[in-house]
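One structure is given below, encoded as structure tokens.
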There are 2 protein chains.
Amino acid sequence: MSAAIAPIEYALPSELEGSLKALASARRLQILEWLKDPIAHFPPQEHGDPLEHGACNLFIVDKLGVSQPTASRHLKVLVDARLVIATRRKGWTYYRRNEARIAELARRIAAI
Amino acid sequence: MSAAIAPIEYALPSELEGSLKALASARRLQILEWLKDPIAHFPPQEHGDPLEHGACNLFIVDKLGVSQPTASRHLKVLVDARLVIATRRKGWTYYRRNEARIAELARRIAAI
DNA sequence: TAGCTAGATAGCTACCACGCTATGTGGCGC
DNA sequence: GCGCCACATAGCGTGGTAGCTATCTAGCTA
């Protein structure tokens, strides 16, 4: 050892890149689309206002047509990217769009 | 055989998804950034107006700091997504941004 | 407190993207 | 016409992501 330390020639992973990766999935785009109008896309739910808290996890899993863990991971990616907001209530989790964050991202992409 | 044919539960790959995948890479974001102002980011080139035709492939390869085939693939992804336009001239290839396409994509993302 | 159910985690497979080196190919220029 | 140079293609290794089943955990309800 040890020769020179390799310079970081690398493009550093930006937050923008992360957000784009979160968006670059048909499943996740679909979820965001549904969440635009939860009342139209999901069955009526008893505990948790669709508009205030969002759609129930179970409905999303069901409508996505994938297994529960797979849907869960997609939702986690969206939450981690702060594109959607999760709310726990009683025994369920509800998801809604983070409109502020989505708008901010749209602005950043417009400046690409 | 043969049971029922599985229904397409799948979210179909959209063009939007494809564009987002093309964009969701630090290297490619970097290239688009550089191409905003080729004169500022690349050495002066003799054959091919940086503003009209874009930056010479060789400069991009060099500045990216990856091998020629790797850079070539990144550029191909951008061209295939129509985010940049390639021009062949003499023996070289020049790349420039497709501003119309980029703006259109930004609009679509704003409506996500 | 006990049981049940929503959701997360673990662990697997398959696939795709990114990096590389080696090699083709096609068009300029001498 | 020949050689050379710019760029593409082939092929390989690796890491990350999406899908699955099985299982764990936490918190609601009775």
Side-chain angles (χ1 to χ4, degrees), chain A residues 6-13 17-31 42-43 45-48 53-81 84-95, chain B residues 6-13 17-31 42-43 45-48 53-81 84-95:
Chain A
I8 303 181
E9 299 165 338
Y10 248 87
L12 295 170
E17 187 198 0
S19 301
L20 285 167
K21 281 189 196 300
L23 270 188
S25 147
R27 303 266 191 219
R28 294 192 288 269
L29 286 171
Q30 180 72 82
I31 292 171
F42 299 102
Q45 56 198 32
E46 291 140 40
H47 304 93
H53 304 107
C56 178
N57 189 335
L58 290 185
F59 293 157
I60 299 175
V61 169
D62 198 45
K63 193 154 181 162
L64 258 194
V66 297
S67 69
Q68 174 264 319
T70 296
S72 189
R73 182 149 28 82
H74 281 302
L75 286 162
K76 180 169 165 42
V77 169
L78 289 171
V79 168
D80 287 349
V84 313
I85 297 168
T87 306
R88 292 207 150 78
R89 196 182 163 83
K90 303 272 183 170
W92 293 273
T93 307
Y94 301 91
Y95 292 96
Chain B
I8 303 179
E9 300 164 339
Y10 247 90
L12 295 169
E17 186 198 1
S19 301
L20 285 167
K21 281 187 196 302
L23 226 42
S25 146
R27 303 267 192 219
R28 294 192 288 269
L29 287 172
Q30 181 72 80
I31 292 172
F42 299 102
Q45 56 197 33
E46 292 141 39
H47 303 92
H53 304 108
C56 178
N57 189 335
L58 289 185
F59 293 157
I60 300 175
V61 169
D62 197 46
K63 193 154 181 161
L64 258 193
V66 296
S67 68
Q68 174 263 321
T70 295
S72 190
R73 182 148 30 83
H74 281 302
L75 286 163
K76 181 168 163 42
V77 170
L78 289 171
V79 168
D80 287 349
V84 312
I85 298 168
T87 306
R88 292 208 151 77
R89 198 183 161 82
K90 302 270 182 174
W92 293 273
T93 307
Y94 301 91
Y95 293 95

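Lettering of chains follows the sequences in order, A, B, ..., and the numbering in each one begins at 1.
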Any His74(B) side-chain N or O less than 4.0 Å from OP1/OP2 of dG19(C): yes
Gap between atoms CG and P, on Leu75(B) and dC7(D) respectively (whole Å): 10 Å
For the OG atom of Ser25(A) and the CD atom of Gln30(A), what is their distance to the nearest 0.5 Å? 10.0 Å
Rounded to whole Å, please give me the gap between CG in Leu78(A) and P in dA8(C). 13 Å
Taking only the side-chain nitrogens and oxygens of Thr70(A), find out if one of them lies under 4.0 Å from OP1 or OP2 of dC20(D). yes
What integer distance in Å separates Lys76(A):NZ from dT17(D):P? 12 Å
For dA6(C), does OP1 or OP2 lie under 4.0 Å from any side-chain N or O of Arg88(A)? no
Between the CZ atom in Arg28(A) and the CG atom in Leu20(B), the distance rounded to the nearest 0.5 Å is 10.5 Å
Upstream residue (5' side of DNA chain C) when Pro69(B) and Val77(B) are each assigned their closest nucleotide: Val77(B)
Nearest 0.5 angstrom please: Thr87(A) OG1 to Trp92(A) CH2, how far? 15.0 Å
Rounded distance (nearest 0.5 Å) linking atom CZ of Arg73(B) with atom CG of Asp80(B): 12.0 Å
Could a donor-acceptor pair under 3.5 angstrom be found where the side chain of Arg73(B) meets the base of dG19(C)? yes
Specify the separation, in whole Å, of atom CG of Leu20(A) and atom P of dA17(C). 16 Å
Quick check for you: among dA22(D), dG7(C), dG19(D), whose closest atom lies nearest to any side-chain atom of Arg27(A)? dG19(D)
Does any part of the side chain of Val66(A), heavy atoms only, come nearer than 4.5 Å to the side chain of Val61(A), both counted from C-beta? no
Could you tell me how far apart Lys21(A) (NZ) and dT17(D) (P) are, to the nearest whole angstrom? 7 Å
Using a cut-off of 4.0 Å between protein heavy atoms and nucleotide atoms, how would you tag nucleotides 25-30 of chain C 5' to 3' with B, S and -? ---S--
NA contact type, Ser67(B), heavy-atom cut-off 4.0 Å: base, sugar-phosphate, or nothing? base
Please report the closest heavy-atom contact between Ile60(A) and Ala55(A), naming both atoms and the distance. CD1-O, 4.1 Å
Five-pair end axes of the helix from dT1(C)-dA30(D) to dC30(C)-dG1(D), angle between them (10°): 30°
Student check: side-chain heavy atoms of Ile85(A) and Val79(A) closer than 4.5 Å: no
Mind checking whether Tyr95(A) and Leu78(A) have side chains closer than 4.5 Å, heavy atoms only? no
Measure the distance from CG on Asp80(A) to P on dT17(D) and round it to the nearest whole Å. 12 Å
Please give, in whole Å, the distance from dA6(D) C1' to Phe59(B) CZ? 13 Å
Are any of Ser72(B)'s side-chain N or O atoms less than 4.0 Å away from OP1 or OP2 of dC7(D)? no
Do the side chains of Phe59(A) and Pro43(A) get nearer than 4.5 Å, heavy atoms only? yes
Pair of N/O donor and acceptor under 3.5 Å linking dA8(C) base with Gln68(A) side chain: yes
Considering only dC20(D), dG7(C), dC7(D), which nucleotide approaches the side chain of Asn57(B) most closely? dC7(D)
Pairwise distance CG(Asn57(A)) to CG(Asp62(A)) - rounded to 0.5 angstrom: 11.0 Å
Checking contacts here: which listed nucleotide (dT21(C), dA6(C), dC18(C)) is nearest the side-chain heavy atoms of Leu58(A)? dA6(C)
Ile60(A) CD1 to dA6(C) C1', straight-line distance once rounded to whole Å: 13 Å
